[in-house]
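Worksheet for the structure shown next.
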Protein chains: 2
Amino acid sequence: MTSETATHQTRSGSSTIARILTAAEALFAEHGFDAVSMSAIAEAASVSKANVFHHFNSKHALYQATLRRACEKTTRQLNHMVIQPGAVAANLGEFAENHLESILEHDQFARLILREILSDMPKEQLKIAQQVFGENFSDLVTIIRRGQDHRELRADLDPALVATLLVGANVFFFQARNVFRHFPEVNFADEPAHYTRMMVDILLRGILASGSEKKT
Amino acid sequence: MTSETATHQTRSGSSTIARILTAAEALFAEHGFDAVSMSAIAEAASVSKANVFHHFNSKHALYQATLRRACEKTTRQLNHMVIQPGAVAANLGEFAENHLESILEHDQFARLILREILSDMPKEQLKIAQQVFGENFSDLVTIIRRGQDHRELRADLDPALVATLLVGANVFFFQARNVFRHFPEVNFADEPAHYTRMMVDILLRGILASGSEKKT
DNA sequence: TTCCTGACTGACCGACCGGTCAGTTGATTA
DNA sequence: TAATCAACTGACCGGTCGGTCAGTCAGGAA
(Lines give C-alpha, C1' and ligand atoms only; values in the text may rest on other atoms or scores of the structure.)
Protein backbone atom coordinates (compact mmCIF):
# COMPACT_ATOMS: atom_id res chain seq x y z
CA MET A 1 0.00 0.00 0.00
CA THR A 2 1.23 3.43 -0.93
CA SER A 3 1.36 6.39 1.33
CA GLU A 4 -1.97 8.13 0.97
CA THR A 5 -0.32 11.51 1.04
CA ALA A 6 1.88 10.78 -1.95
CA THR A 7 1.30 12.90 -5.00
CA HIS A 8 3.06 10.82 -7.58
CA GLN A 9 0.37 10.33 -10.19
CA THR A 10 2.86 8.51 -12.34
CA ARG A 11 0.48 6.68 -14.61
CA SER A 12 -3.02 8.06 -14.40
CA GLY A 13 -3.86 11.64 -15.12
CA SER A 14 -4.99 13.10 -11.82
CA SER A 15 -3.93 11.43 -8.62
CA THR A 16 -5.58 8.04 -8.48
CA ILE A 17 -5.88 8.16 -4.72
CA ALA A 18 -7.72 11.45 -4.89
CA ARG A 19 -10.10 10.06 -7.51
CA ILE A 20 -10.82 7.04 -5.35
CA LEU A 21 -11.42 9.18 -2.28
CA THR A 22 -13.72 11.52 -4.16
CA ALA A 23 -15.77 8.66 -5.55
CA ALA A 24 -15.87 6.98 -2.17
CA GLU A 25 -17.01 10.13 -0.40
CA ALA A 26 -19.90 10.62 -2.79
CA LEU A 27 -21.03 7.01 -2.59
CA PHE A 28 -20.61 6.59 1.15
CA ALA A 29 -22.46 9.83 1.80
CA GLU A 30 -25.27 8.89 -0.53
CA HIS A 31 -25.85 5.30 0.52
CA GLY A 32 -23.89 4.61 3.68
CA PHE A 33 -20.96 2.31 4.36
CA ASP A 34 -22.58 -1.08 3.97
CA ALA A 35 -24.60 -0.28 0.88
CA VAL A 36 -21.52 0.67 -1.14
CA SER A 37 -19.28 -2.02 -2.61
CA MET A 38 -15.62 -1.66 -3.40
CA SER A 39 -16.43 -2.58 -6.99
CA ALA A 40 -18.82 0.35 -7.19
CA ILE A 41 -16.19 2.71 -5.84
CA ALA A 42 -13.58 1.36 -8.24
CA GLU A 43 -15.92 1.75 -11.17
CA ALA A 44 -16.88 5.29 -10.14
CA ALA A 45 -13.18 6.14 -9.93
CA SER A 46 -12.43 4.43 -13.28
CA VAL A 47 -9.98 2.12 -11.59
CA SER A 48 -9.73 -1.60 -11.05
CA LYS A 49 -10.97 -2.92 -7.76
CA ALA A 50 -7.57 -4.45 -7.05
CA ASN A 51 -6.05 -1.03 -7.46
CA VAL A 52 -8.28 0.35 -4.76
CA PHE A 53 -7.04 -2.39 -2.46
CA HIS A 54 -3.51 -1.54 -3.52
CA HIS A 55 -3.92 1.97 -2.12
CA PHE A 56 -6.15 1.14 0.84
CA ASN A 57 -5.69 -1.97 2.93
CA SER A 58 -9.38 -2.55 3.45
CA LYS A 59 -12.81 -1.10 2.89
CA HIS A 60 -12.77 0.21 6.41
CA ALA A 61 -9.41 1.92 5.88
CA LEU A 62 -10.78 3.60 2.79
CA TYR A 63 -13.83 4.73 4.73
CA GLN A 64 -11.71 6.22 7.47
CA ALA A 65 -9.47 7.94 4.97
CA THR A 66 -12.57 9.34 3.28
CA LEU A 67 -13.84 10.69 6.58
CA ARG A 68 -10.47 12.16 7.45
CA ARG A 69 -10.04 13.92 4.12
CA ALA A 70 -13.56 15.31 4.19
CA CYS A 71 -12.97 16.59 7.70
CA GLU A 72 -9.73 18.28 6.80
CA LYS A 73 -11.28 19.85 3.74
CA THR A 74 -14.16 21.27 5.73
CA THR A 75 -12.27 22.46 8.76
CA ARG A 76 -9.70 24.19 6.58
CA GLN A 77 -12.48 26.33 5.15
CA LEU A 78 -14.79 26.94 8.06
CA ASN A 79 -12.22 26.79 10.76
CA HIS A 80 -11.08 29.60 12.98
CA MET A 81 -14.07 31.74 12.36
CA VAL A 82 -12.99 35.32 12.59
CA ILE A 83 -13.83 36.46 16.08
CA GLN A 84 -14.25 40.15 15.55
CA PRO A 85 -14.09 42.44 18.55
CA GLY A 86 -17.46 43.89 17.56
CA ALA A 87 -20.87 43.16 18.97
CA VAL A 88 -21.57 39.55 19.84
CA ALA A 89 -24.93 39.69 18.14
CA ALA A 90 -23.31 40.37 14.78
CA ASN A 91 -20.75 37.65 15.38
CA LEU A 92 -23.40 35.08 16.15
CA GLY A 93 -25.44 36.02 13.14
CA GLU A 94 -22.45 35.75 10.86
CA PHE A 95 -21.39 32.45 12.40
CA ALA A 96 -24.83 30.95 11.94
CA GLU A 97 -25.06 32.08 8.34
CA ASN A 98 -21.61 30.77 7.48
CA HIS A 99 -22.29 27.56 9.30
CA LEU A 100 -25.46 26.71 7.45
CA GLU A 101 -23.95 27.78 4.16
CA SER A 102 -21.02 25.48 4.77
CA ILE A 103 -23.28 22.57 5.63
CA LEU A 104 -25.37 23.02 2.52
CA GLU A 105 -22.31 23.40 0.34
CA HIS A 106 -20.66 20.26 1.71
CA ASP A 107 -23.86 18.32 2.02
CA GLN A 108 -22.19 15.03 1.15
CA PHE A 109 -19.76 15.40 4.00
CA ALA A 110 -22.52 16.51 6.33
CA ARG A 111 -24.55 13.43 5.54
CA LEU A 112 -21.46 11.30 6.03
CA ILE A 113 -20.88 12.68 9.51
CA LEU A 114 -24.53 12.55 10.54
CA ARG A 115 -24.70 8.93 9.44
CA GLU A 116 -21.64 8.23 11.50
CA ILE A 117 -23.14 9.88 14.55
CA LEU A 118 -26.25 7.72 14.30
CA SER A 119 -24.10 4.61 14.54
CA ASP A 120 -22.22 3.47 17.56
CA MET A 121 -19.07 5.44 16.74
CA PRO A 122 -16.35 2.82 17.30
CA LYS A 123 -14.10 5.24 19.14
CA GLU A 124 -11.86 5.93 16.17
CA GLN A 125 -14.56 7.60 14.12
CA LEU A 126 -15.72 9.41 17.21
CA LYS A 127 -12.36 11.07 17.58
CA ILE A 128 -12.56 12.29 14.02
CA ALA A 129 -16.01 13.79 14.36
CA GLN A 130 -15.06 15.14 17.74
CA GLN A 131 -12.18 16.98 16.17
CA VAL A 132 -14.26 18.52 13.38
CA PHE A 133 -17.13 19.60 15.53
CA GLY A 134 -15.05 20.35 18.56
CA GLU A 135 -12.97 23.15 17.12
CA ASN A 136 -15.82 25.14 15.66
CA PHE A 137 -17.99 24.45 18.67
CA SER A 138 -15.30 25.79 20.96
CA ASP A 139 -15.00 28.93 18.86
CA LEU A 140 -18.73 29.45 19.12
CA VAL A 141 -18.75 28.90 22.85
CA THR A 142 -15.93 31.42 23.14
CA ILE A 143 -17.93 34.03 21.27
CA ILE A 144 -20.91 33.49 23.54
CA ARG A 145 -18.90 33.49 26.72
CA ARG A 146 -17.23 36.73 25.69
CA GLY A 147 -20.69 38.20 25.17
CA GLN A 148 -21.56 37.22 28.69
CA ASP A 149 -18.38 38.75 30.08
CA HIS A 150 -19.23 42.00 28.32
CA ARG A 151 -22.69 41.82 29.92
CA GLU A 152 -24.13 41.78 26.45
CA LEU A 153 -25.72 38.37 26.97
CA ARG A 154 -27.57 36.86 29.90
CA ALA A 155 -25.07 35.54 32.39
CA ASP A 156 -27.36 32.81 33.72
CA LEU A 157 -27.13 30.70 30.58
CA ASP A 158 -24.81 27.82 29.83
CA PRO A 159 -22.86 29.06 26.80
CA ALA A 160 -22.49 25.53 25.48
CA LEU A 161 -26.25 25.11 25.57
CA VAL A 162 -26.75 28.27 23.57
CA ALA A 163 -24.16 27.07 21.08
CA THR A 164 -25.97 23.76 20.83
CA LEU A 165 -29.24 25.48 20.03
CA LEU A 166 -27.65 27.49 17.25
CA VAL A 167 -25.78 24.60 15.66
CA GLY A 168 -28.70 22.25 16.17
CA ALA A 169 -31.11 24.60 14.45
CA ASN A 170 -28.89 24.61 11.39
CA VAL A 171 -28.20 20.90 11.36
CA PHE A 172 -31.86 20.07 11.81
CA PHE A 173 -32.78 22.42 9.01
CA PHE A 174 -30.35 20.62 6.77
CA GLN A 175 -31.49 17.10 7.49
CA ALA A 176 -35.20 17.80 7.68
CA ARG A 177 -35.36 19.86 4.51
CA ASN A 178 -36.58 17.10 2.26
CA VAL A 179 -39.34 16.18 4.67
CA PHE A 180 -40.28 19.78 5.35
CA ARG A 181 -40.66 20.42 1.66
CA HIS A 182 -43.79 18.30 1.82
CA PHE A 183 -45.27 20.02 4.85
CA PRO A 184 -47.94 22.55 3.95
CA GLU A 185 -47.07 24.64 7.00
CA VAL A 186 -43.42 25.06 6.03
CA ASN A 187 -42.42 27.46 3.29
CA PHE A 188 -38.80 28.14 4.24
CA ALA A 189 -37.36 24.78 3.25
CA ASP A 190 -35.59 26.38 0.31
CA GLU A 191 -34.65 29.65 1.92
CA PRO A 192 -31.78 28.91 4.28
CA ALA A 193 -30.75 32.55 4.58
CA HIS A 194 -34.21 33.55 5.70
CA TYR A 195 -34.35 30.64 8.09
CA THR A 196 -31.03 31.52 9.68
CA ARG A 197 -31.97 35.16 9.99
CA MET A 198 -35.21 34.39 11.79
CA MET A 199 -33.57 31.73 13.91
CA VAL A 200 -30.83 34.09 15.08
CA ASP A 201 -33.40 36.81 15.67
CA ILE A 202 -35.37 34.57 18.01
CA LEU A 203 -32.31 33.17 19.69
CA LEU A 204 -30.80 36.61 20.29
CA ARG A 205 -33.99 37.90 21.83
CA GLY A 206 -33.87 34.91 24.11
CA ILE A 207 -30.31 35.35 25.23
CA LEU A 208 -29.70 39.09 25.20
CA ALA A 209 -29.25 40.60 28.63
CA SER A 210 -32.29 42.45 29.94
CA GLY A 211 -32.09 46.10 29.03
CA SER A 212 -30.43 45.47 25.68
CA GLU A 213 -32.73 45.60 22.69
CA LYS A 214 -32.32 44.48 19.15
CA LYS A 215 -33.34 45.99 15.86
CA THR A 216 -36.84 45.32 14.50
CA MET B 1 -47.43 -14.53 2.31
CA THR B 2 -49.75 -14.11 5.22
CA SER B 3 -51.54 -10.96 6.13
CA GLU B 4 -49.28 -9.07 8.47
CA THR B 5 -52.20 -8.07 10.63
CA ALA B 6 -53.25 -11.64 11.31
CA THR B 7 -53.06 -12.76 14.90
CA HIS B 8 -53.25 -16.50 14.45
CA GLN B 9 -50.15 -17.70 16.27
CA THR B 10 -51.14 -21.25 15.52
CA ARG B 11 -47.80 -22.93 16.03
CA SER B 12 -45.33 -20.69 17.77
CA GLY B 13 -45.91 -19.25 21.19
CA SER B 14 -46.24 -15.51 20.64
CA SER B 15 -47.13 -14.22 17.20
CA THR B 16 -44.26 -15.07 14.90
CA ILE B 17 -44.80 -11.95 12.83
CA ALA B 18 -44.54 -9.76 15.89
CA ARG B 19 -41.35 -11.49 16.95
CA ILE B 20 -39.85 -10.96 13.51
CA LEU B 21 -40.85 -7.30 13.47
CA THR B 22 -39.44 -6.69 16.91
CA ALA B 23 -36.14 -8.30 16.03
CA ALA B 24 -36.01 -6.45 12.74
CA GLU B 25 -36.68 -3.09 14.35
CA ALA B 26 -33.87 -3.51 16.84
CA LEU B 27 -31.38 -4.65 14.23
CA PHE B 28 -32.32 -2.11 11.56
CA ALA B 29 -32.19 0.71 14.08
CA GLU B 30 -28.85 -0.41 15.42
CA HIS B 31 -27.03 -1.09 12.16
CA GLY B 32 -29.10 0.23 9.29
CA PHE B 33 -30.86 -1.53 6.43
CA ASP B 34 -27.90 -2.82 4.44
CA ALA B 35 -25.84 -4.00 7.39
CA VAL B 36 -28.55 -6.36 8.59
CA SER B 37 -29.08 -9.72 6.90
CA MET B 38 -32.31 -11.66 6.77
CA SER B 39 -30.47 -14.56 8.40
CA ALA B 40 -29.57 -12.34 11.33
CA ILE B 41 -33.17 -11.23 11.71
CA ALA B 42 -34.42 -14.79 11.49
CA GLU B 43 -31.94 -15.93 14.10
CA ALA B 44 -32.81 -13.05 16.42
CA ALA B 45 -36.48 -13.99 16.08
CA SER B 46 -35.76 -17.71 16.59
CA VAL B 47 -37.28 -18.50 13.23
CA SER B 48 -36.00 -19.97 10.00
CA LYS B 49 -35.00 -17.51 7.31
CA ALA B 50 -37.49 -19.10 4.93
CA ASN B 51 -40.20 -18.41 7.44
CA VAL B 52 -39.36 -14.73 7.41
CA PHE B 53 -39.76 -14.76 3.64
CA HIS B 54 -43.03 -16.62 4.12
CA HIS B 55 -44.44 -13.70 6.07
CA PHE B 56 -42.71 -10.88 4.18
CA ASN B 57 -42.20 -10.93 0.46
CA SER B 58 -38.81 -9.29 0.55
CA LYS B 59 -36.29 -7.64 2.81
CA HIS B 60 -37.61 -4.30 1.70
CA ALA B 61 -41.18 -5.27 2.55
CA LEU B 62 -40.04 -6.31 6.01
CA TYR B 63 -38.23 -3.01 6.42
CA GLN B 64 -41.30 -1.03 5.43
CA ALA B 65 -43.49 -3.06 7.74
CA THR B 66 -41.00 -2.41 10.52
CA LEU B 67 -41.13 1.31 9.87
CA ARG B 68 -44.89 1.31 9.72
CA ARG B 69 -45.33 -0.59 12.96
CA ALA B 70 -42.81 1.58 14.77
CA CYS B 71 -44.58 4.69 13.52
CA GLU B 72 -47.98 3.48 14.64
CA LYS B 73 -46.60 2.53 18.02
CA THR B 74 -45.08 5.95 18.54
CA THR B 75 -47.88 8.09 17.22
CA ARG B 76 -50.39 6.19 19.31
CA GLN B 77 -48.52 7.30 22.41
CA LEU B 78 -47.35 10.79 21.61
CA ASN B 79 -50.15 11.73 19.30
CA HIS B 80 -52.79 14.33 19.83
CA MET B 81 -50.92 16.19 22.47
CA VAL B 82 -53.42 17.63 24.84
CA ILE B 83 -53.94 21.21 23.78
CA GLN B 84 -55.00 22.81 27.00
CA PRO B 85 -56.75 26.16 26.88
CA GLY B 86 -54.19 27.55 29.29
CA ALA B 87 -51.16 29.69 28.59
CA VAL B 88 -49.22 28.87 25.45
CA ALA B 89 -45.96 29.05 27.31
CA ALA B 90 -46.94 26.16 29.53
CA ASN B 91 -48.18 24.19 26.56
CA LEU B 92 -44.92 24.62 24.70
CA GLY B 93 -42.88 23.65 27.70
CA GLU B 94 -44.90 20.53 28.23
CA PHE B 95 -44.78 19.64 24.56
CA ALA B 96 -41.01 19.99 24.43
CA GLU B 97 -40.52 17.91 27.54
CA ASN B 98 -42.83 15.15 26.34
CA HIS B 99 -41.28 15.24 22.91
CA LEU B 100 -37.71 14.74 24.08
CA GLU B 101 -38.79 12.13 26.59
CA SER B 102 -40.56 10.23 23.84
CA ILE B 103 -37.52 10.39 21.57
CA LEU B 104 -35.19 9.12 24.27
CA GLU B 105 -37.58 6.38 25.23
CA HIS B 106 -38.01 5.17 21.64
CA ASP B 107 -34.42 5.78 20.67
CA GLN B 108 -34.36 2.78 18.33
CA PHE B 109 -37.26 4.12 16.36
CA ALA B 110 -35.80 7.61 16.37
CA ARG B 111 -32.55 6.35 14.94
CA LEU B 112 -34.49 4.37 12.35
CA ILE B 113 -36.31 7.46 11.16
CA LEU B 114 -33.26 9.72 11.22
CA ARG B 115 -31.35 7.17 9.17
CA GLU B 116 -34.20 7.12 6.72
CA ILE B 117 -34.21 10.89 6.42
CA LEU B 118 -30.51 10.92 5.59
CA SER B 119 -31.18 8.71 2.58
CA ASP B 120 -33.03 9.69 -0.51
CA MET B 121 -36.42 8.69 0.86
CA PRO B 122 -37.84 6.68 -2.07
CA LYS B 123 -41.24 8.35 -1.84
CA GLU B 124 -42.86 5.49 0.00
CA GLN B 125 -40.76 5.86 3.12
CA LEU B 126 -41.16 9.60 2.86
CA LYS B 127 -44.90 9.28 3.18
CA ILE B 128 -44.46 7.22 6.31
CA ALA B 129 -42.12 9.66 8.01
CA GLN B 130 -44.26 12.51 6.76
CA GLN B 131 -47.24 11.01 8.51
CA VAL B 132 -45.44 10.50 11.83
CA PHE B 133 -43.81 13.88 11.95
CA GLY B 134 -46.61 15.69 10.24
CA GLU B 135 -49.31 15.10 12.79
CA ASN B 136 -47.32 16.17 15.82
CA PHE B 137 -45.76 19.01 13.93
CA SER B 138 -49.19 20.29 12.95
CA ASP B 139 -50.32 20.12 16.55
CA LEU B 140 -47.31 22.13 17.60
CA VAL B 141 -47.87 24.72 14.88
CA THR B 142 -51.47 25.00 16.02
CA ILE B 143 -50.42 25.70 19.58
CA ILE B 144 -48.04 28.42 18.44
CA ARG B 145 -50.51 30.00 16.05
CA ARG B 146 -53.10 30.10 18.79
CA GLY B 147 -50.59 31.88 20.99
CA GLN B 148 -50.15 34.46 18.27
CA ASP B 149 -53.89 34.92 17.90
CA HIS B 150 -54.13 35.56 21.61
CA ARG B 151 -51.35 38.15 21.24
CA GLU B 152 -49.30 36.08 23.65
CA LEU B 153 -46.58 35.47 21.08
CA ARG B 154 -44.94 37.74 18.54
CA ALA B 155 -47.12 37.91 15.46
CA ASP B 156 -44.25 38.55 13.06
CA LEU B 157 -42.90 35.03 13.35
CA ASP B 158 -43.56 32.06 11.10
CA PRO B 159 -45.16 29.55 13.49
CA ALA B 160 -43.71 26.64 11.52
CA LEU B 161 -40.24 28.08 11.96
CA VAL B 162 -40.70 28.33 15.71
CA ALA B 163 -41.96 24.76 15.76
CA THR B 164 -38.90 23.71 13.78
CA LEU B 165 -36.57 25.31 16.28
CA LEU B 166 -38.23 23.53 19.17
CA VAL B 167 -38.32 20.10 17.53
CA GLY B 168 -34.85 20.57 16.06
CA ALA B 169 -33.37 21.42 19.42
CA ASN B 170 -34.67 18.16 20.83
CA VAL B 171 -33.70 16.03 17.87
CA PHE B 172 -30.22 17.50 17.75
CA PHE B 173 -29.81 16.90 21.45
CA PHE B 174 -30.71 13.29 20.92
CA GLN B 175 -28.39 12.58 18.05
CA ALA B 176 -25.44 14.64 19.27
CA ARG B 177 -25.49 13.30 22.81
CA ASN B 178 -22.76 10.75 22.35
CA VAL B 179 -20.47 13.29 20.77
CA PHE B 180 -21.29 15.98 23.30
CA ARG B 181 -20.43 13.66 26.12
CA HIS B 182 -16.81 14.05 25.09
CA PHE B 183 -16.88 17.83 24.88
CA PRO B 184 -15.41 19.53 27.93
CA GLU B 185 -17.72 22.52 27.45
CA VAL B 186 -20.90 20.43 27.59
CA ASN B 187 -22.21 19.10 30.87
CA PHE B 188 -25.90 18.65 30.05
CA ALA B 189 -25.54 15.63 27.78
CA ASP B 190 -27.13 13.42 30.40
CA GLU B 191 -29.69 15.87 31.70
CA PRO B 192 -32.41 16.08 29.06
CA ALA B 193 -34.92 17.67 31.44
CA HIS B 194 -32.53 20.49 32.27
CA TYR B 195 -31.69 20.93 28.60
CA THR B 196 -35.33 21.17 27.58
CA ARG B 197 -36.10 23.60 30.36
CA MET B 198 -33.30 25.96 29.39
CA MET B 199 -34.08 25.57 25.70
CA VAL B 200 -37.74 26.47 26.19
CA ASP B 201 -36.75 29.34 28.44
CA ILE B 202 -34.56 30.86 25.75
CA LEU B 203 -37.03 30.14 22.99
CA LEU B 204 -39.94 31.65 24.91
CA ARG B 205 -38.01 34.81 25.66
CA GLY B 206 -37.33 35.04 21.95
CA ILE B 207 -40.90 34.60 20.83
CA LEU B 208 -43.01 36.17 23.55
CA ALA B 209 -44.76 39.34 22.50
CA SER B 210 -43.15 42.53 23.73
CA GLY B 211 -44.69 43.56 27.02
CA SER B 212 -45.12 40.01 28.27
CA GLU B 213 -42.48 38.83 30.67
CA LYS B 214 -41.56 35.44 31.96
CA LYS B 215 -40.54 34.16 35.33
CA THR B 216 -36.88 34.30 36.46
C1' DT C 1 -61.13 -40.21 7.71
C1' DT C 2 -59.87 -37.46 4.24
C1' DC C 3 -58.55 -33.29 2.43
C1' DC C 4 -57.07 -28.75 2.40
C1' DT C 5 -54.61 -24.81 3.95
C1' DG C 6 -51.24 -22.06 6.07
C1' DA C 7 -47.20 -22.05 9.23
C1' DC C 8 -42.84 -23.60 8.97
C1' DT C 9 -38.17 -25.84 7.68
C1' DG C 10 -33.54 -27.32 5.51
C1' DA C 11 -31.30 -27.50 1.50
C1' DC C 12 -30.20 -25.03 -2.15
C1' DC C 13 -29.39 -21.18 -5.95
C1' DG C 14 -27.00 -17.49 -8.59
C1' DA C 15 -25.08 -13.16 -7.61
C1' DC C 16 -22.12 -10.48 -5.40
C1' DC C 17 -19.32 -9.39 -1.45
C1' DG C 18 -14.41 -8.09 0.48
C1' DG C 19 -10.05 -9.44 -0.43
C1' DT C 20 -5.85 -11.94 -2.76
C1' DC C 21 -2.48 -12.91 -6.19
C1' DA C 22 0.38 -13.67 -10.13
C1' DG C 23 1.75 -11.00 -13.48
C1' DT C 24 2.26 -6.64 -16.73
C1' DT C 25 3.81 -2.01 -17.42
C1' DG C 26 6.54 2.15 -17.27
C1' DA C 27 9.45 5.24 -15.05
C1' DT C 28 13.82 5.49 -12.06
C1' DT C 29 18.27 4.22 -10.87
C1' DA C 30 22.77 1.83 -10.96
C1' DT D 1 21.36 -2.20 -20.46
C1' DA D 2 19.75 -4.54 -16.59
C1' DA D 3 17.54 -4.34 -12.31
C1' DT D 4 14.19 -2.49 -9.31
C1' DC D 5 9.94 -0.95 -7.68
C1' DA D 6 5.41 1.16 -7.40
C1' DA D 7 1.14 1.50 -10.05
C1' DC D 8 -1.98 -1.23 -11.91
C1' DT D 9 -4.90 -5.24 -13.87
C1' DG D 10 -7.86 -9.63 -14.66
C1' DA D 11 -8.82 -13.73 -12.81
C1' DC D 12 -9.94 -15.82 -8.94
C1' DC D 13 -11.25 -17.22 -3.80
C1' DG D 14 -14.23 -18.46 0.16
C1' DG D 15 -18.14 -16.74 2.14
C1' DT D 16 -22.49 -14.50 2.54
C1' DC D 17 -26.19 -12.25 0.50
C1' DG D 18 -31.45 -12.13 -0.78
C1' DG D 19 -34.48 -15.27 -2.28
C1' DT D 20 -36.62 -20.03 -3.81
C1' DC D 21 -38.50 -24.52 -3.35
C1' DA D 22 -40.04 -29.05 -2.26
C1' DG D 23 -41.81 -30.89 1.40
C1' DT D 24 -43.32 -31.59 6.61
C1' DC D 25 -46.70 -30.78 9.95
C1' DA D 26 -50.78 -29.32 12.75
C1' DG D 27 -55.52 -28.01 12.80
C1' DG D 28 -60.10 -27.09 10.89
C1' DA D 29 -63.78 -28.30 7.53
C1' DA D 30 -66.13 -32.01 4.94
Side-chain angles (χ1 to χ4, degrees), chain A residues 1-28 30-67 119 122 124-125, chain B residues 1-28 30-67 119 122 124-125:
Chain A
M1 170 180 157
T2 321
S3 162
E4 295 161 24
T5 58
T7 170
H8 276 300
Q9 67 183 81
T10 32
R11 234 144 113 184
S12 301
S14 61
S15 164
T16 303
I17 293 177
R19 276 209 334 275
I20 294 174
L21 284 172
T22 301
E25 180 181 337
L27 289 170
F28 281 143
E30 188 75 12
H31 308 104
F33 179 81
D34 296 286
V36 174
S37 69
M38 293 297 265
S39 320
I41 294 172
E43 191 177 359
S46 303
V47 154
S48 71
K49 190 177 71 166
N51 196 6
V52 177
F53 277 101
H54 170 70
H55 289 293
F56 302 93
N57 283 327
S58 66
K59 185 183 182 183
H60 211 85
L62 170 58
Y63 182 65
Q64 296 223 129
T66 301
L67 267 186
S119 301
E124 298 214 17
Q125 269 94 311
Chain B
M1 170 181 157
T2 321
S3 162
E4 295 161 22
T5 58
T7 170
H8 277 299
Q9 69 183 81
T10 31
R11 234 144 114 182
S12 301
S14 61
S15 164
T16 303
I17 292 177
R19 277 210 333 276
I20 294 174
L21 284 173
T22 301
E25 181 182 337
L27 288 170
F28 282 144
E30 187 75 13
H31 308 103
F33 179 80
D34 296 285
V36 174
S37 70
M38 293 297 267
S39 320
I41 295 173
E43 192 177 357
S46 303
V47 155
S48 71
K49 190 177 72 165
N51 195 8
V52 177
F53 278 100
H54 172 69
H55 290 294
F56 303 93
N57 284 326
S58 66
K59 185 183 182 183
H60 211 86
L62 171 57
Y63 182 65
Q64 296 223 128
T66 302
L67 267 185
S119 301
E124 298 214 16
Q125 269 93 312

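- Residue A/I20 comes nearest to A/A45 through the heavy atom pair CA-CB, 3.9 Å, listed as atom of the first residue, atom of the second, then distance.
- Residue B/N51 has its side chain nearest to C/dA7 when only D/dT20, D/dT9, C/dA7 are considered.
- The stretch residues 34-46 of chain B has no heavy atom under 4.0 angstrom from DNA chain C at all.
- B/K59 pairs by the side chain to side chain contact (heavy atoms under 4.5 Å, CB included) definition with B/F28, B/F33, B/M38, not counting sequence neighbours.
- Under 4.0 angstrom from either OP1 or OP2 of C/dC8 there lies at least one side-chain N or O belonging to B/T16.
- Between the NZ atom of A/K59 and the C1' atom of D/dG15 there is a distance of 15 Å, rounded to whole Å.
- Listed by chain and residue number, A/A23, A/L27 satisfy the side chain to side chain contact (heavy atoms under 4.5 Å, CB included) test with A/A44 (two or more places apart in sequence, or in another chain).
- B/F56 places its CZ atom 11 Å from the P atom of C/dA7, with the value rounded to the nearest Å.
- For A/K49 and D/dG10, a side-chain-to-base donor-acceptor distance below 3.5 Å is absent, hydrogens and geometry of angles not being considered.
- The two atoms that bring A/S46 and A/R19 nearest to each other are O-NH2, 3.5 Å, heavy atoms only.
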message: Run the side-chain contact (heavy atoms from CB on, under 4.5 Å) test on B/T66 and B/F56 for me, step by step, so that the C-alpha distance in whole Å, both residues' side-chain angles and the decisive distance to 0.1 Å come before the verdict.
response: CA-CA 11 Å; B/T66 302; B/F56 303 93; over 6 Å; no
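- With rounding to the nearest 0.5 angstrom, the CG atom of A/L21 is 11.0 Å from the CG atom of A/L67.
- Rounded to an integer number of Å, the gap from CG of B/N57 to C1' of D/dT20 is 13 Å.
- Atom CZ in A/F33 sits about 12 Å away from atom C1' in C/dC17, given to the nearest Å.
- Rounded to the nearest 0.5 Å, atoms NE2 (A/H55) and OG (A/S15) are 7.5 Å apart.
- Take B/S48 and apply the side chain to side chain contact (heavy atoms under 4.5 Å, CB included) test, not counting sequence neighbours, and it matches B/A50, B/N51.
- At whole-Å resolution of the value, NE2 in A/H54 and P in D/dG10 are 15 Å apart.
- Fit an axis to the five pairs at each end of the helix from C/dT1-D/dA30 to C/dA30-D/dT1 and the two axes sit 10° apart, to the nearest 10 degrees.
- Checking D/dC21, D/dA7, D/dG19 against the side-chain heavy atoms of B/F53 singles out D/dG19 as nearest.
- Residues passing the side chain to side chain contact (heavy atoms under 4.5 Å, CB included) test with A/A35, sequence neighbours excluded: A/H31, B/D34.
- When distances are taken from the side chain of B/H55 to each of D/dT9, C/dC8, D/dC21, the shortest belongs to C/dC8.
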